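No experiment lies behind these values; they were computed from the predicted model shown. In what follows, every chain begins at residue 1, and chains take the letters A, B, ... in the order their sequences are listed.
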Number of protein chains: 2
Amino acid sequence: MSNHFTRRVIKRGELANRTGCNLETIRYYEKIGVMPEPARTEAGHRVYDGDQERRLRFILRARELGFSIEELKGLLTIVDSDHLACGEVYELTQAHIADVREKITDLRRLEKTLSTISAKCARGNTPECPVIDALFA
Amino acid sequence: MSNHFTRRVIKRGELANRTGCNLETIRYYEKIGVMPEPARTEAGHRVYDGDQERRLRFILRARELGFSIEELKGLLTIVDSDHLACGEVYELTQAHIADVREKITDLRRLEKTLSTISAKCARGNTPECPVIDALFA
DNA sequence: ATAGGCTCTGTAGTAGGTACAGGATCAAGA
DNA sequence: TCTTGATCCTGTACCTACTACAGAGCCTAT
């Protein structure tokens with residue numbers, strides 16, 4: 001280990017443990033360019049600092065909130081630029097909210113269809129099945 | 001073309017057109033075993049009859065309703081057995097409805113979070129951005 | 001006969017990861 | 001100091017559910 005002035009760094013396994021991210025996913029995020037290439041030890045082991053841990057948490061949170069990788073890249077571009085363009089982030093978020101609302105609408109319609117079909121079921125072992133019939137219709 | 005007694009058959013392209021299914025997807029469904037291997041012309045071209053068209057429509061509808069391929073296989077097993085076990089189909093459908101409801105709940109929570117965050121936005125080009133901040137939190 | 005449309009096959013690509021094989025390296029105990 | 005087991009490295013294959021393409025063969029109308 002280098003000297004007293006070295007910042008505290010962690011390796012991939014610890015980063016994974018601390019963030020709850022899968023070990024391999026970290027490498028994947030590096031590959032697709034959302035995580036920067038980290039420093040390496042002499043033996044080639046990746047080392048991460050606090051900034052990189054914060055960035056990974058940001059990524060994980062954005063993914064949790066359903067932002068696609070492409071949308072996430074948009075957010076990261078803004079984050080990485082020195083002046084934060086709040087307007088752009090707002091647009092991106094609104095677009096994402098619209099997506100989510102559309103999905104909810106679709107799923108509600110689906111749920112209704114399934115419930116309607118299912119409600120007709122006699123639940124016996126009769127040869128007629130309204131679910132199957134509905135699927136054949 | 002064979003004789004007068006040959007049932008009306010269509011080729012892959014027409015089946016795709018009639019059902020709205022992608023051409024390649026038909027071959028894919030054959031590969032994964034949800035569509036049967038069709039008859040072939042002497043030159044090796046696939047030919048489909050009415051039963052097979054109905055089966056494909058069934059598959060497409062089940063997929064539209066959000067059944068996974070695995071769930072679909074379950075449905076098809078029941079369809080293929082001579083006596084339709086209505087109870088089993090009911091169970092499968094209920095489980096699927098539960099899934100859909102869970103997804104809706106998740107998305108609603110997500111939408112709320114995003115809206116709350118987004119509502120704090122001043123929409124200016126200020127350096128502080130509540131969306132970014134929330135993601136970093 | 002030939003043009004252009006269809007079909008065939010196998011394979012690669014998509015999103016967003018996850019898993020594994022076969023090595024190298026590190027840290028801690030005997 | 002040696003050894004053992006955990007961790008790390010790389011590349012690649014796998015997952016779902018398709019979709020797209022290349023290069024070949026076939027089919028039909030003119």
Strictly below 4.0 Å, heavy-atom distances to any atom of DNA chain C: list the hits from residues 66-74 of chain A, or just say none.
-> A/S68, A/I69
Can you tell me the distance, in whole Å, between the [atom1] atom of [X] and the [atom2] atom of [N]?
{"X": "A/R12", "N": "C/dT18", "atom1": "CZ", "atom2": "C1'", "result": "12 Å"}
{"X": "A/I59", "N": "C/dG16", "atom1": "CD1", "atom2": "P", "result": "13 Å"}
{"X": "B/N22", "N": "C/dT7", "atom1": "CG", "atom2": "C1'", "result": "14 Å"}
{"X": "A/H45", "N": "C/dA24", "atom1": "NE2", "atom2": "P", "result": "12 Å"}

Applying side-chain contact (heavy atoms from CB on, under 4.5 Å) between A/R12 and each of A/I26, A/V47, A/N17, report the one that passes.
->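 The residue from A/I26, A/V47, A/N17 that satisfies side-chain contact (heavy atoms from CB on, under 4.5 Å) with A/R12 turns out to be A/I26.
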Contact check, residues 23-36 of chain B vs DNA chain D, heavy-atom distance under 4.0 Å, returns B/E24, B/T25, B/R27, B/Y28, B/Y29
Excluding sequence neighbours, so at least two apart, what forms side-chain contact (heavy atoms from CB on, under 4.5 Å) with [X]?
{"X": "A/E53", "value": "A/I10, A/L15, A/R18, A/T19, A/R57"}
{"X": "B/N22", "value": "B/E24, B/T25"}
{"X": "B/S115", "value": "A/I97, A/R101, B/E111"}

Should A/K112 and A/I117 count as side-chain neighbours, where that means a heavy-atom distance under 4.5 Å?
-> no
Does B/K11 reach the side chain of B/R46, with side-chain heavy atoms less than 4.5 Å apart?
-> no
Measure the angle between the two terminal helix axes of the helix from C/dA1-D/dT30 to C/dA30-D/dT1, five base pairs each, and quote it to 10°.
-> 20°
Extract, from 5' to 3' on DNA chain D, the first and final nucleotides lying under 4.0 angstrom from some heavy atom of chain A.
-> D/dC8 to D/dT12
Closest-nucleotide 5' rank along DNA chain C - winner of B/Y48 and A/A43 | B/Y48
All pairs passing ring-ring contact (aromatic ring centres under 6.0 Å, His included) where residues 23-66 of chain B contributes a residue, at least two apart | A/F136-B/F58
Kindly compute the distance separating OG (B/S118) from CD (A/E91), expressed to the nearest 0.5 Å.
->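 Those atoms lie 9.5 Å apart.
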By side chain to side chain donor-acceptor pair (under 3.5 Å) - contacts of [X] (at least two apart):
{"X": "B/R61", "value": "none"}
{"X": "B/R108", "value": "none"}
{"X": "B/R109", "value": "B/D106"}

Only distances under 3.5 Å count here; give the side-chain donor-acceptor pairs of residues 64-77 of chain B to other protein atoms, sequence neighbours excluded, each with its distance to 0.1 Å.
residue: B/S68; atom: OG; partner: B/E70; partner atom: N; Å: 3.4
residue: B/S68; atom: OG; partner: B/E71; partner atom: N; Å: 3.1
residue: B/E71; atom: OE1; partner: B/S68; partner atom: N; Å: 2.8
residue: B/T77; atom: OG1; partner: B/K73; partner atom: O; Å: 2.8

More 5' along DNA chain D: A/K11 or B/K11, using each one's nearest nucleotide?
->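 It is A/K11 whose nearest nucleotide is closer to the 5' end.
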Go through the steps for B/E14 and B/R8 under the test salt bridge (Lys or Arg N to Asp or Glu O under 4.0 Å), then give the verdict.
-> CA-CA 12 Å; B/E14 198 181 337; B/R8 160 131 179 84; 3.1 Å; yes
